[in-house]
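Side-chain atoms are counted along with the backbone in the values below, which use heavy atoms only and exclude waters and symmetry mates.
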Amino acid sequence: MDLGALSGLTVVAIDGPAGSGKSTIGRALASRLGLEYLDTGAMYRAVAFAAIRARVDPDDAERLRAIAEAMDLQLGPDGVVVDGVDATLEIRGPVVTQAVTAVAADPGVRAELRTRQRLWALERGGGVVEGRDIGSVVFPDAVLKVYLTASVEERARRRAAELDELDYDQVAQDLVRRDRSDSTRAASPLVTPDGAVEYDTTGVEVDRIVEDLAAMVEGRS
Ligand code: DC
């Protein structure tokens, strides 16, 4: 798809490492601005879920791409349905979380999901889109690009609190492993996009962050 087709959309691109607050802030900012919200991490998790169900090895690039292209995905505020199966809980579980790193490193999967993300925004005139390559690759001309950060300790504490069966040390180790692979992979590594506003969310209230970001969007549109 030609990037020119995306000019004129009101896209807010939010990137950052796991646990930096992207989902909480993205959802709240979308509702504050009257825009829809897209969690692109859930799309990568959905492909991993579909691959596991089809018993496709995440390192088999050809079959993985075919799975991504054929996948019927319904992403809504109430859940995630993959090929007619409710995957809301399972995509957050340890099996999918382990497999998703290899899935997200696959260039064929990334190309397919990039196209779907751009179509999603085109159909809505924009939206708040959250992920790891949104301001750098998918929407380089977004109205606002934000790169969220937070200390490893705070990120691990947030993640462990979300799923109370998880223990803090295990979560912290998993975060560091995922940070490393997301930042060093060849296809669309996690980087601070050119022109992005860096925002450290450590110890800052969600309402405060949302108001700061909403003021930036309103100042630019
Ligand atoms: O944000 P999350 O933990 O749900 O993301 C799941 C995985 O997908 C994670 O390993 C990063 C990857 N991802 C990506 O590579 N690009 C995106 N735009 C979103 C997520």
Worked check of salt bridge (charged side-chain N to carboxylate O under 4.0 Å, His left out) between Asp133 and Arg110: CA-CA 10 Å; Asp133 63 341; Arg110 299 202 72 85; 2.9 Å; yes
Verdict with supporting geometry, Glu62 and Asp60, side-chain contact (heavy atoms from CB on, under 4.5 Å): CA-CA 6 Å; Glu62 206 170 308; Asp60 181 341; 4.0 Å; yes
Stepwise side-chain contact (heavy atoms from CB on, under 4.5 Å) test for Leu213 and Val12: CA-CA 10 Å; Leu213 298 179; Val12 178; over 6 Å; no
side-chain contact (heavy atoms from CB on, under 4.5 Å) evaluation trace for Met43 with Leu38: CA-CA 9 Å; Met43 299 174 78; Leu38 180 62; 4.1 Å; yes
side-chain contact (heavy atoms from CB on, under 4.5 Å) evaluation trace for Val128 with Ile14: CA-CA 7 Å; Val128 175; Ile14 304 183; 3.8 Å; yes
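Salt bridge absent: Arg159 and Asp169 never bring a charged side-chain N and a carboxylate O closer than 4.0 Å. For the pair Arg118 and Glu123, the salt-bridge criterion is not met [side-chain N within less than 4.0 Å of a carboxylate O]. Ionic pairing of Asp182 and Arg132 is present here: one or more N-O contacts between side-chain nitrogen and carboxylate oxygen are shorter than 4.0 angstrom. No salt bridge links Glu153 with Arg157; every basic N to acidic carboxylate O contact stays at or beyond 4.0 Å. One finds a salt bridge joining Arg208 and Asp212 here, because a Lys/Arg side-chain nitrogen approaches an Asp/Glu carboxylate oxygen to under 4.0 Å.
Judged purely by atom type and a 3.5 angstrom limit, Ser183 has no side-chain atom pairing as donor or acceptor with the backbone of Arg180. Ser20 places no side-chain N or O within donor-acceptor distance of the main-chain N or O of Ala150, the cut-off being under 3.5 Å. Checking side-chain atoms of Thr115 against main-chain N and O of Ala111 turns up a donor-acceptor pair under 3.5 Å. Asp15 places a side-chain N or O within 3.5 Å of a backbone atom of Gly135 that can act as its donor or acceptor partner. The main-chain N or O of Gly21 is never found under 3.5 Å from a side-chain atom of Thr24 such that the two would form a donor-acceptor pair. Listed for the Lys145 side chain is a donor-acceptor partner under 3.5 Å among the backbone atoms of Pro140. Side-chain N or O atoms of Asp39 include one that pairs as donor or acceptor with a backbone N or O of Ala42 at under 3.5 Å. Panel note: side chain Asp83, backbone Asp72; a donor-acceptor pair is recorded below 3.5 Å.
Cluster annotation: Leu113 and Val137 are assigned to distinct hydrophobic clusters (Ile/Leu/Val/Met/Phe/Trp/Tyr, side-chain heavy-atom contacts under 4.5 Å, transitive). Val129 and Val80 fall within a single hydrophobic cluster, where Ile, Leu, Val, Met, Phe, Trp and Tyr side chains are chained together by heavy-atom contacts under 4.5 Å.
Atom CG of Leu73 and atom CZ of Phe49 lie 11.0 Å apart (nearest 0.5 Å). Remark: Leu29 CG to Leu144 CG distance equals 8.0 Å, nearest 0.5 Å. Rounding to the nearest 0.5 angstrom, the gap separating the OG1 atom in Thr40 from the CD1 atom in Ile134 is 3.5 Å. With rounding to the nearest 0.5 Å, the separation of OG in Ser7 from CG in Asp141 is 7.5 Å.
In this structure, Glu211 and Asp207 have side chains that are not in contact, with every pair of non-hydrogen atoms separated by 4.5 Å or more. Counting only heavy atoms from C-beta outward, the side chains of Thr97 and Arg92 never approach each other to under 4.5 Å. Side-chain contact check for Val143 versus Val11: every heavy-atom pair is 4.5 Å or farther apart.
In the model, Thr101 has no side-chain atom that pairs as donor or acceptor with a side-chain atom of Arg185 under 3.5 Å. In the model, Glu130 has a side-chain atom that pairs as donor or acceptor with a side-chain atom of Ser23 under 3.5 Å.
The other members of the hydrophobic cluster of Val152, by chain and number, are Val176 (side-chain heavy atoms under 4.5 Å, ILVMFWY only).
The one candidate from Glu154, Arg155, Lys22, Arg158 that meets the side-chain hydrogen bond (donor to acceptor under 3.5 Å, both in side chains) condition with Thr201 is Arg158.
Heavy-atom contacts from other residues, nucleotides or ligands closer than 6.0 Å to CD of Glu90 number 12 or fewer.
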